[in-house]
Amino acid sequence: MNIWPAIWLSVQLASLTMLILLLIATPLAWWLTRTRNPLRPLIEALVALPLVLPPTVLGFYLLVLMSPDMALGALWLRLTGDTLAFSFAGLLIASVIYSLPFAVQPLQTAFQSVGKGVLEAATTLGAGPWDAFRSVVIPLSRRGFLTAMVLSFAHTLGEFGVVLMVGGNIPGKTRVISIEVFNAVETLDYVTAHLLSAGLLVFSFLVLIFVYLMNGKDRSKRRGAE
């Protein structure tokens with residue numbers, strides 16, 4: 001079994017998802033950190049929903065939304081001439097949604113650790129909101145950005161339920177590593193299943209080591225400051 005198309009497609013999907021999530025999650029996490037809007041708990045619950053919702057349930061509703069009978073699916077069909085469901089674009093949209101909390105929550109934690117004092121000092125020195133965010137908040141939150149990037153990439157790489165519901169099992173188009181493992185088991189090709197599963201296992205373990213190392217450094221830094 002040729003496993004490289006599935007690996008390459010998974011890497012493309014996880015990389016694009018990570019980049020899009022950085023663009024979406026950064027302003028969203030900053031807004032959640034700073035706002036006193038009464039709708040904040042509702043927005044936070046919506047962001048965290050993929051953490052507790054069964055992936056097949058989330059995938060089912062995304063599949064319904066991407067149907068040509070619905071507004072989103074119909075618009076995509078008119079613009080591209082192709083259906084959004086069972087396409088790489090549909091898979092990418094679904095990946096962004098189900099990996100959203102893995103990018104927002106580390107960023108939100110990092111932004112909360114930035115004290116108001118440094119922002120007030122930057123404002124006193126004449127920095128505007130964007131200058132203060134770019135020159136003060138982003139450098140102080142770099143570990144949060146690294147954690148968000150690694151977690152969103154890894155979570156996208158290993159997802160199965162949503163991928164199967166929205167993308168199906170189309171070789172070279174939507175068949176990613178997790179689906180390839182399923183196919184290998186279905187055909188009793190346990191060597192391929194072991195190879196792909198062990199790769200994901202090692203990668204996931206390394207990701208967790210990286211995240212805990214980042215958190216450990218943050219804790220040590222805070223203790224040193226105290």
Checking the side chain of T187 only, and the main-chain atoms of A184 only, is there a donor and an acceptor separated by less than 3.5 Å? yes

Minimum heavy-atom separation for M165 and T56, please, with both atom names. CE-O, 3.8 Å

Side-chain (S87) to main-chain (L84) donor-acceptor, under 3.5 angstrom: yes

Shortest non-hydrogen contact from A122 to V136? CB-CG2, 4.0 Å

Spacing of OG belonging to S15 relative to CD1 belonging to I20, to within rounding of 0.5 Å: 11.0 Å

For side chain to side chain contact (heavy atoms under 4.5 Å, CB included), just list the numbers for F153 and T17, CA-CA rounded to whole Å, side-chain angles, deciding distance to a tenth of an Å, and then say yes or no. CA-CA 7 Å; F153 184 92; T17 300; over 6 Å; no

Crowding at OH, Y61 (>12 non-hydrogen neighbours, <6.0 Å): no

Min side-chain heavy-atom separation W76-L72 under 4.5 Å: no

Are Y98 and V163 close enough that some pair of their side-chain heavy atoms sits under 4.5 Å apart? yes

Identify the two heavy atoms, one from N169 and one from T174, that lie closest to each other, and give their separation to 0.1 Å. N-OG1, 3.8 Å

Could you pull out the closest heavy-atom pair between S10 and V176, with the gap in Å? OG-CB, 3.1 Å

Indicate yes or no: at least one non-hydrogen side-chain atom of P68 is less than 4.5 angstrom from one of T83. yes

State, yes or no, whether a side-chain contact exists between M66 and I93 at a heavy-atom distance under 4.5 Å. yes

Under 4.5 Å between any side-chain heavy atoms of T26 and F133, yes or no? yes

Between S152 and M149 (side chain of the first, backbone of the second, donor and acceptor by atom type, cut-off under 3.5 Å), is there such a pair? yes

Should L28 and I43 count as side-chain neighbours, where that means a heavy-atom distance under 4.5 Å? yes

Give the minimum heavy-atom separation between K173 and D82, together with the two atoms involved. NZ-OD2, 3.9 Å

What is the ring orientation for H155 with F102, classed by angle as parallel under 30°, tilted 30 to 60°, or perpendicular over 60°? parallel

Do T156 and S95 meet the criterion of a side-chain donor-acceptor pair at a distance under 3.5 Å? no

In short, I170 meets F86 closest at the heavy-atom pair CD1-O, 3.5 Å

Does a side-chain heavy-atom distance below 4.5 Å link P50 with L100? no

Measure the shortest side-chain to side-chain distance between L92 and L13 over non-hydrogen atoms and say whether it is less than 4.5 angstrom. yes

Do the side chain of S178 and the main chain of E159 share a donor and acceptor less than 3.5 angstrom apart? yes

Donor-acceptor pair, distance only, cut-off 3.5 Å: does the side chain of R142 make one with the backbone of P139? yes

